[in-house]
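A short worksheet on the structure shown next.
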Amino acid sequence: MASEQRNVSKKELKEQAGRCMFGERLVVEHEGKRFSARVQHVGVTGVKVVPETMLIEHEGEPGDINGITVSYDDIREVDIGGVIYRLA
């Protein structure tokens with residue numbers, strides 16, 4: 001089944017990112033790099049994420065990966081329950 005895609009404003013994208021739960025997928029543009037990542041923790045000023053490339057290469061326990069915190073302004077796409085919210 002294909003995912004539904006919605007183009008949204010920056011405000012709505014931030015609201016959707018704030019709803020994210022552990023493990024949900026985001027696309028982030030941070031320090032000149034664009035990458036997909038998984039949510040570790042949603043905070044007031046940003047989201048702590050683990051880039052998917054780190055997950056693929058990781059051989060230890062899931063809890064010992066130290067993610068990076070990105071601003072809500074760095075988020076370009078949020079995937080929640082099969083609905084992809086993309087910055088218009």
Side-chain angles (χ1 to χ4, degrees):
M1 185 171 129
S3 297
E4 177 183 347
Q5 295 187 18
R6 297 182 187 170
N7 291 328
V8 297
S9 67
K10 185 177 274 195
K11 180 182 178 210
E12 185 174 350
L13 187 66
K14 182 178 177 180
E15 289 171 3
Q16 295 301 333
R19 292 181 45 219
C20 282
M21 304 282 275
F22 178 83
E24 290 184 302
R25 185 182 160 277
L26 303 175
V27 172
V28 175
E29 195 167 303
H30 182 71
E31 297 179 352
K33 296 178 185 170
R34 189 178 185 108
F35 56 90
S36 61
R38 297 292 174 159
V39 173
Q40 249 186 339
H41 173 75
V42 175
V44 175
T45 59
V47 180
K48 189 170 186 180
V49 300
V50 176
E52 288 186 328
T53 54
M54 286 177 67
L55 293 172
I56 292 169
E57 297 168 357
H58 184 68
E59 295 178 3
E61 295 297 316
D64 65 2
I65 298 177
N66 193 14
I68 60 171
T69 301
V70 297
S71 163
Y72 284 105
D73 289 336
D74 291 344
I75 298 170
R76 300 293 178 254
E77 186 175 296
V78 177
D79 185 345
I80 300 176
V83 178
I84 297 172
Y85 299 90
R86 183 173 288 149
L87 186 60

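As the structure is a prediction and not an experimental result, all values here were calculated from the model. This chain uses plain numbering: 1 for the first residue, then up along the sequence.
Taking CD1 from Ile84 and CG from Asp79, the interatomic distance works out to 5.0 Å, rounded to the nearest 0.5 Å. Arg38 contributes atom CZ, which lies 14.5 Å from atom CE of Met21 (distance to the nearest 0.5 angstrom). Rounding to the nearest 0.5 Å gives a distance of 11.0 Å between CZ of Arg34 and CG of Asp74. The CD atom of Glu52 lies 12.0 Å from the CE atom of Met54; values are rounded to the nearest 0.5 Å. For the atom pair His30 NE2 and Ile75 CD1, the distance stands at 11.5 Å (nearest 0.5 Å).
Between Phe22 and Gln40, the closest side-chain pair of non-hydrogen atoms falls below 4.5 Å. When side chains are defined from C-beta on, Ile80 counts as touching Cys20, because their heavy atoms get closer than 4.5 Å.
Under a hydrophobic-cluster definition in which Ile, Leu, Val, Met, Phe, Trp and Tyr are linked whenever side-chain heavy atoms come within less than 4.5 Å, directly or via other members, Leu87 and Val27 are assigned to different clusters. Hydrophobic clustering (ILVMFWY, side-chain heavy atoms < 4.5 Å, transitive): Val50 and Val78 are in distinct clusters. A continuous path of ILVMFWY side-chain contacts below 4.5 Å connects Leu26 to Tyr72, so both sit in one hydrophobic cluster.
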Q | Tyr85 and Val8: CA distance, side-chain angles, deciding distance, side-chain contact (heavy atoms from CB on, under 4.5 Å) verdict | A | CA-CA 6 Å; Tyr85 299 90; Val8 297; 4.0 Å; yes

Q: Output, in order, the C-alpha distance, side-chain angles, deciding distance and verdict of side-chain contact (heavy atoms from CB on, under 4.5 Å) for Phe35 and Thr53.
A: CA-CA 9 Å; Phe35 56 90; Thr53 54; over 6 Å; no

**Q.** Test side-chain contact (heavy atoms from CB on, under 4.5 Å) applied to Ile68 and Val49, step by step
**A.** CA-CA 5 Å; Ile68 60 171; Val49 300; 3.9 Å; yes

Q.
Let's go through Arg76 and Arg86 carefully: what are the C-alpha distance in whole Å and the side-chain angles of both, what is the deciding distance for side-chain contact (heavy atoms from CB on, under 4.5 Å) to 0.1 Å, and is it a yes or a no?
A. CA-CA 6 Å; Arg76 300 293 178 254; Arg86 183 173 288 149; over 6 Å; no

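Minimum interatomic distance between Pro51 and Ala37 (heavy atoms only, all atoms of both residues): CA-CB, 3.8 Å. Contact detail for Asn7 and Ala88: the closest heavy-atom pair is CB-CB, 4.0 Å.
A salt bridge links Glu77 to Arg25: at least one charged side-chain nitrogen sits closer than 4.0 Å to a carboxylate oxygen.
Around NZ of Lys14, the count of heavy atoms belonging to other residues, nucleotides or ligands within 6.0 Å does not exceed 12.
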